Amino acid sequence: AQSVAQPEDQVNVAEGNPLTVKCTYSVSGNPYLFWYVQYPNRGLQFLLKYITGDNLVKGSYGFEAEFNKSQTSFHLKKPSALVSDSALYFCAVRGFGGSQGNLIFGKGTKLSVKP
Amino acid sequence: DGGITQSPKYLFRKEGQNVTLSCEQNLNHDAMYWYRQDPGQGLRLIYYSQIVNDFQKGDIAEGYSVSREKKESFPLTVTSAQKNPTAFYLCASSIGGDDTQYFGPGTRLTVL
């Protein structure tokens with residue numbers, strides 16, 4: 001079965017420190033992977049995606065993600081966190097077979113950046 | 001959120017009533033989707049449509065219905081058969097079925 005796991009419900013980081021939000025996946029075939037961010041009572045905003053090519057993907061707002069095929073991971077990173085980065089982050093993988101084109105989401109990780 | 005609108009932002013429903021949530025996009029996207037979001041559960045797919053006049057059930061379609069009569073519109077009806085409809089509903093669209101999905105601002109439905 002295709003799935004995405006975000007092992008941490010919450011990540012706490014001090015402003016200016018690097019941040020990592022973890023994601024692991026399980027799919028058959030080559031994965032298409034996505035990261036989205038959600039602010040309270042808002043829709044999801046697309047941050048970045050991995051389809052193929054360079055394992056380090058750069059996205060919006062200074063975020064990047066590293067694809068690691070051997071560890072089936074796609075962790076989201078940022079070198080220096082901002083208080084305004086505090087939000088809910090979702091990792092997603094594109095489904096295959098009967099779910100072709102659909103996104104399978106993780107349960108989300110709440111990022112809290114303190115001044 | 002730009003290009004995808006959802007209305008209303010907040011919706012209250014009495015038990016036993018059907019309600020329809022609106023989703024409109026002006027991005028000329030072929031594919032549209034409806035998700036339900038509950039705290040701690042991420043997003044779950046309700047219905048999706050990859051082309052006008054065609055749609056498929058997602059993982060949790062029971063108690064919901066949709067139509068896709070126009071490319072830009074994909075309304076979702078929450079019927080009285082949906083046992084636990086209180087949730088945040090998100091609409092999304094993409095150029096094609098394999099492309100990046102972009103989300104609307106959401107509708108929060110509360111059953112009184």
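Numbered from 1 within each chain, the chains take letters A, B, ... in sequence-line order. Since the structure is predicted, the reported quantities are computational estimates derived from the model, not experimental observations.
- At most 12 non-hydrogen atoms from other residues, nucleotides or ligands lie less than 6.0 angstrom from CD of Glu69(B).
- Heavy-atom proximity under 4.5 angstrom to chain B picks out Phe105(A), Gly106(A), Lys107(A) from residues 105-115 of chain A.
- You'll find the side chain of Gln101(B) stays beyond 4.5 Å of the side chain of Phe46(A), heavy atoms only.
- Separation of atoms OH (Tyr102(B)) and OH (Tyr36(A)) is listed at 7.5 Å; rounding is to 0.5 Å.
- Within the 4.5 angstrom heavy-atom criterion, only side-chain atoms of Leu90(B), from C-beta onward, approach chain A.
- Cluster annotation: Phe103(B) is connected to Leu45(B) through the hydrophobic network of ILVMFWY side chains, with a link wherever side-chain heavy atoms come within less than 4.5 Å.
- One hydrophobic cluster holds both Val11(A) and Leu47(A) under the rule that ILVMFWY side chains link at heavy-atom gaps under 4.5 Å.
- Criterion: ILVMFWY side-chain heavy atoms under 4.5 Å apart, direct or through other members. Under it, Trp34(B) and Val111(B) are not part of a common hydrophobic cluster.
- Surrounding CD of Glu62(B) are at most 12 heavy atoms belonging to other residues, nucleotides or ligands under 6.0 Å away.
- Only the side chain of Gln37(B) comes within less than 4.5 Å of a heavy atom of chain A; its backbone N, CA, C and O stay farther away.
- Residue Asn41(A) touches chain B through both its backbone and its side chain, counting heavy-atom pairs closer than 4.5 Å.
- Residues Tyr48(B) and Leu103(A) have side chains not in contact (no heavy-atom distance under 4.5 Å, counting atoms from C-beta outward).
- In this structure the side chain of Phe88(B) reaches within 4.5 angstrom of the side chain of Gln38(A), judged on heavy atoms.
- Hydrophobic clustering (ILVMFWY, side-chain heavy atoms < 4.5 Å, transitive): Met32(B) and Val66(B) are in one cluster.
- Heavy atoms of Ile51(A) lying under 4.5 Å from chain B are absent altogether.
- If you chain together hydrophobic residues whose side chains sit under 4.5 Å apart, Leu43(B) and Leu88(A) fall into the same group.
- Around atom OH of Tyr39(A), more than 12 heavy atoms belonging to other residues, nucleotides or ligands sit under 6.0 Å away.
- Rounded to the nearest 0.5 angstrom, Thr100(B) OG1 and Phe34(A) CZ are separated by 4.5 Å.
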